[in-house]
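Take a look at the structure below.
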Amino acid sequence: MNKMKDLDDPNITLDNLPPDTVRTKYWHVLDDGRVQCDLCPRACKMKEGQRGLCFIRQNTGGEVVMTSYGRSSGFCIDPIEKKPLNHFYPGTAVLSLGTAGCNLSCNFCQNWDISKARAMDSIQDLARPEAIAEAALKTGSKSVAFTYNDPVIFHEYAIDIAAACHDVGVKTVAVTAGYVCDEPRREFYQYMDAANVDLKAFSEDFYWRQTKSALRPVLDTLEYLKHETDVWFEITTLLIPDENDSTREITEQCEWIVEHLGTDVPIHFSAFHPDYRMKDKNHTPPATLKRARKIALDHGLKYVYTGNIHNPEGDTTYCPGCHAEVINRDWYQINNWGLTDKGACKHCGYQIAGRFDGPAGNWGRKRVPVRIGEHDVTVARPISKRADPPKKQHNMPPEMTRRRYEMPKDSDLTMLDPQVAGMFYPDSPSILATTVDQIMNNATAPKMNPKAIIAPHAGYVYSGQIAGSAYKTVEHLADKIKKIVLFGPPHRAPVKGICVPDYDALLTPLGPVTINKEGRDQLKELDFVYTDNMPFKGEHDLEVQLPFIQRVFEHAEIIPALVGQTTPQQVAEALDKLWGGEETLIIISSDLSHYEKYDDTYKLDNAAAIAIETLNPDGLGDMQACGRHAIRGLLVAARNRQMRATTIDLRNSGDTKGDKSRCVGYGAFIFEYNDHIKIDPIFAENLLTVAKAMVIQTAKTGQKAKLQLKGVPRSLMNQRGVFVTINKNGQLRGCYGSFLPNKPMVLDVAEQAFNAGFQDPRFKPLTLDELKDCDIGLSVLSIPGPLNFSDEADLLRKMQPGIDGLILKDGRFQGLFLPQVWESLPTPEDFLKGLKRKAGLPEDHWSDTLTIQRFTAEKIGPVSLI
């Protein structure tokens, strides 16, 4: 290809324009002889030979010409979902192209090497509109997309390509910022079948500061598309930390969309990565996108997606009618299709908004560069770093790259540099972000309601997945959590009491994590808390948690502390200082046993798990956890606050990636308030199945059944008090249980089911003939804690009808009522009188030695025995 002359050459006139330059019609002459471009609201005013901000429109001979006609930055076949368009012929291939230049000046431009290109000869491919349409046909592309830079600026070329595509039955797609004037807008969209409009923010201030443009024309474009065209369109908003990601702004945007565009328009909230002139910003936390998605759904928008993160829920299309999954995606791959050929839900018939024609396409997530020649289309060698993904994707799209955080030169903030990056976790920002995301994506822990978690702090290859299980339980609450109390043990220097650092932030390759100074100052009010930076030098236990905090929790500040020689009561007092409400999460960083043989490690760690599950600080030995001092204090605080501990994962380095002759133990534990607890429905069903099997098999054989339990989930092995109740025709037929945990829950359910059916001294053993008339239910108890009161009137005031189970003790007398008893004794007075009778005491009994313990019980069932 011959090198083209530049338009600044005085020998070029309107009569001998080169083939990549065409005359345009959206401009007018000003009184001073300049010409004004009327294509977009920027209204560039140009002298002879001068270019507009977009660079490809120029004053030549007193007219505005376009100088990139036929010039493409390259061609690539993408999945249509990458545009992103999730409701426009899903699963099909789209031939994508762009040119040079752009009419916006976004500081965060993700395609700046294309949109800011200034040398026409560096733009690779020259292709006629008809050749592009034929290429789409030959490659099986359902549509052609104008993307990479805004097609508004190559208006004439895009329209000609669209016309050629329509002649051969190929659809066209505009990926645009929507910054265009009214007349050219009307002409342009006559030729478009679909669009994705980049709504960059919902404030004029942002548009001016960060893009040097305005919001209002973009909103005009959206309203025009909705009310005056048949063009299918979707909206994308790139959420940038601390710029356009506030709850208020996202809420206002969603409210505007619902009011002006309706609830059927799909919206994509996409993750920002540092680039171009905004490299000092952090990557968008996944929690931000999930929060935005929730806000949009809460405002009635029916189709809301998250982009540039791996989030199957945010990739999937759900039916607004019955809430079934109708298009299940993994990144851009469609894995399950639940629509008719016309786009109706196969479950309920609800018509999904969009453009559908037959079953889903099968293009998948492939990205294939192509070259359009004079006579053929060939697979192209990559023409730029963006043309194909790097060799290692780390489960992240190729454009998602991270820059290392650099402290602003004029900053006076003090930060502790990363101490163990490159040793315990990756020091590459991109790999680190993706590693944590992969750990979280692979974690299978259920959604729970933790106030506190215990997570291990070894290298990610050893304990990362166990830590991820702990964080997974609370991930769905991340938008509420603004403050994190982070306690761990010292490994490098001795600490007597509790030590806090005198920094403004702790730094990882992903950026700084701000220290909450108010919380730190509150902690320092205690006489056993002191400030010293030295123990934090070379320390790994808190730092290993920071990338999880950065990737899971949005804008959370931390109160870090190293907990050395302390009493459990001192640590509990420190936690009480910082306890807070739902905005505060407590994280204890600790591994379990160290450097034992595999079998010994297994025994030690299971004993540690039992101590934690039963809230027993005395049961946690010095050899069982490096963070034992902090854990013991949390156990005291949890018992005082009526909480329950659950083991989510329990493994060691011999299970993950280590030598079985010298193992280190790892556990993921969570702590919830008793009245917030709900066992996962699948686990609840498992427990009922075990109880039923025990009763049925024993009734059939006349001997206590021996159950073979294999592959039991760790959550069912937690130590719990359990009661099993059997009713026959609505009347009690047997009830047995243990209010204090003494064995793994699934085994205790089996034991108490046998006892309820065949050992309750009040009833004869169940017979096989009775089973058809019986049902069975379970009560899983929390750890009892003291209920403090001054007298009987105070006790009655503090009792919680329908919630509390109570254990009354006075000398040798003892009685227990489950919370279900409130159904027959609904008032505190009646409940207490009945409890005294059960303990063998008169109803009017009272003494100073009487004690009450409170617990809660989660009721599972009842279900029919057979």
Side-chain angles (χ1 to χ4, degrees), residues 26 38-42 80-90 94 96 98 102-104 142-147 149-155 158-159 161-163 165-166 170-202 204 207 211 213-238 252-270 296 299-305 307 343 351-356:
Y26 296 110
D38 298 323
L39 183 67
C40 83
R42 191 167 295 284
I80 189 67
E81 287 79 6
K82 198 174 188 301
K83 296 306 96 185
L85 287 172
N86 282 357
H87 292 239
F88 186 75
Y89 306 110
V94 56
S96 302
C102 187
N103 61 336
L104 269 63
K142 179 80 171 180
S143 54
V144 167
F146 311 113
T147 181
N149 67 327
D150 202 306
V152 163
I153 65 167
F154 58 94
H155 188 270
I159 286 176
I161 295 171
C165 286
H166 289 165
V170 174
K171 307 292 184 181
T172 54
V173 174
V175 181
T176 174
Y179 197 59
V180 61
C181 291
D182 183 63
E183 258 192 90
R185 177 194 295 133
R186 291 180 181 279
E187 181 184 12
F188 182 77
Y189 284 110
Q190 289 177 23
Y191 294 87
M192 298 299 133
D193 298 291
N196 184 284
V197 179
D198 189 2
L199 181 56
K200 298 181 182 293
F202 205 70
E204 290 288 1
Y207 263 86
T211 74
S213 65
L215 170 62
R216 185 65 253 176
V218 183
L219 301 183
D220 290 343
T221 294
L222 289 169
E223 291 190 276
Y224 171 76
L225 287 170
K226 176 64 179 179
H227 301 294
E228 299 187 45
T229 77
D230 292 325
V231 175
W232 175 255
F233 70 98
E234 302 182 20
I235 297 171
T236 296
T237 298
L238 185 76
E252 290 176 354
Q253 176 176 326
C254 293
E255 289 173 346
W256 184 90
I257 291 172
V258 170
E259 180 181 354
H260 294 267
L261 308 178
T263 57
D264 279 342
V265 57
I267 182 166
H268 305 255
F269 292 109
S270 188
H299 278 77
L301 287 164
K302 297 174 183 174
Y303 312 105
V304 190
Y305 303 98
Q351 181 62 47
I352 304 300
R355 301 291 183 266
F356 304 95

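The distance from atom CG of Leu301 to atom CD1 of Ile267, rounded to the nearest 0.5 Å, is 6.5 Å. To the nearest 0.5 Å, atom CE of residue Met192 and atom CZ of residue Phe233 are 15.5 Å apart. Rounding to the nearest 0.5 angstrom, the gap separating the OG1 atom in Thr236 from the CG atom in Asn196 is 3.5 Å. Between the CG atom of Asn103 and the CG atom of Leu39 there is a distance of 7.0 Å, given to the nearest 0.5 Å. Within the model, atoms SG of Cys181 and CZ of Arg42 stand 11.0 Å from one another, a figure rounded to the nearest 0.5 Å. Expressed to the nearest 0.5 Å, how far OG of Ser143 lies from NZ of Lys83 amounts to 9.0 Å.
Across all non-hydrogen atoms, the minimal contact from Val197 to Val218 is CG1-CG1, 4.2 Å. Contact record, Ala195 with Leu85: O-CD2, 3.6 Å, taken as the closest heavy-atom pair. The shortest non-hydrogen separation linking Cys165 to Thr172 is CB-CG2, 3.9 Å. Contact record, Ala162 with Phe146: N-CZ, 4.1 Å, taken as the closest heavy-atom pair. When every heavy atom of Ile235 is checked against every heavy atom of Leu261, the shortest pair comes out as CD1-CD1, 3.8 Å. When all heavy atoms of Tyr179 and Cys40 are compared, the closest pair comes out as O-CB, 3.3 Å.
For the residue pair Thr221 / Arg185, a side-chain donor-acceptor distance below 3.5 Å is found, with atom types taken as modelled. Neither side chain, Ser96 nor Lys82, offers a donor N or O lying under 3.5 Å from an acceptor on the other.
The shortest distance between side-chain heavy atoms of Pro151 and Phe188 falls below 4.5 Å. Residues Pro266 and Trp232 have side chains in contact (heavy-atom distance under 4.5 Å, counting atoms from C-beta outward). A heavy-atom distance below 4.5 Å is not found between the side chains of Tyr89 and Phe356. By the 4.5 Å heavy-atom criterion applied to side chains, Glu183 and Asp38 are not counted as neighbours. Side-chain contact between Phe202 and Ile257 is absent, with no heavy-atom pair separated by less than 4.5 Å. Using a 4.5 Å cut-off on side-chain heavy atoms (C-beta onward), Phe269 and Val304 make contact. The side-chain heavy atoms of Phe154 and Asn149, taken from C-beta on, include a pair separated by under 4.5 Å.
For the salt bridge (Lys or Arg N to Asp or Glu O under 4.0 Å) condition, the pairs that include at least one residue of residues 252-261, sequence neighbours left out, are Arg248-Glu252.
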Walk me through it: do Leu215 and Leu199 pass the test side-chain contact (heavy atoms from CB on, under 4.5 Å)? CA-CA 8 Å; Leu215 170 62; Leu199 181 56; 3.7 Å; yes
Between Lys226 and Glu234, is a salt bridge (Lys or Arg N to Asp or Glu O under 4.0 Å) present by the stated rule, with each step listed? CA-CA 10 Å; Lys226 176 64 179 179; Glu234 302 182 20; over 6 Å; no
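Residues that satisfy the side-chain hydrogen bond (donor to acceptor under 3.5 Å, both in side chains) test with Arg186, not counting sequence neighbours, are Asp182, Glu228. With sequence neighbours left out, the ring-ring contact (aromatic ring centres under 6.0 Å, His included) criterion links Tyr303 to His87. Considering only residues two or more places apart in sequence or on other chains, Asp198 meets the salt bridge (charged side-chain N to carboxylate O under 4.0 Å, His left out) condition with Lys200. Partners of Tyr26 by ring-ring contact (aromatic ring centres under 6.0 Å, His included), not counting sequence neighbours, listed by chain and number: His155. Partners of His260 according to the ring-ring contact (aromatic ring centres under 6.0 Å, His included) rule, which considers only residues two or more places apart in sequence or in another chain, are Trp256.
For Glu187, the CD atom sits in a packed shell: over 12 heavy atoms of surrounding residues, nucleotides or ligands are nearer than 6.0 Å.
No side-chain donor-acceptor contact under 3.5 Å links Glu204 to the backbone of Ala214.
Put simply, the residue from Lys171, Lys142, His166, Arg355 that forms a side-chain hydrogen bond (donor to acceptor under 3.5 Å, both in side chains) with Asp193 is His166.
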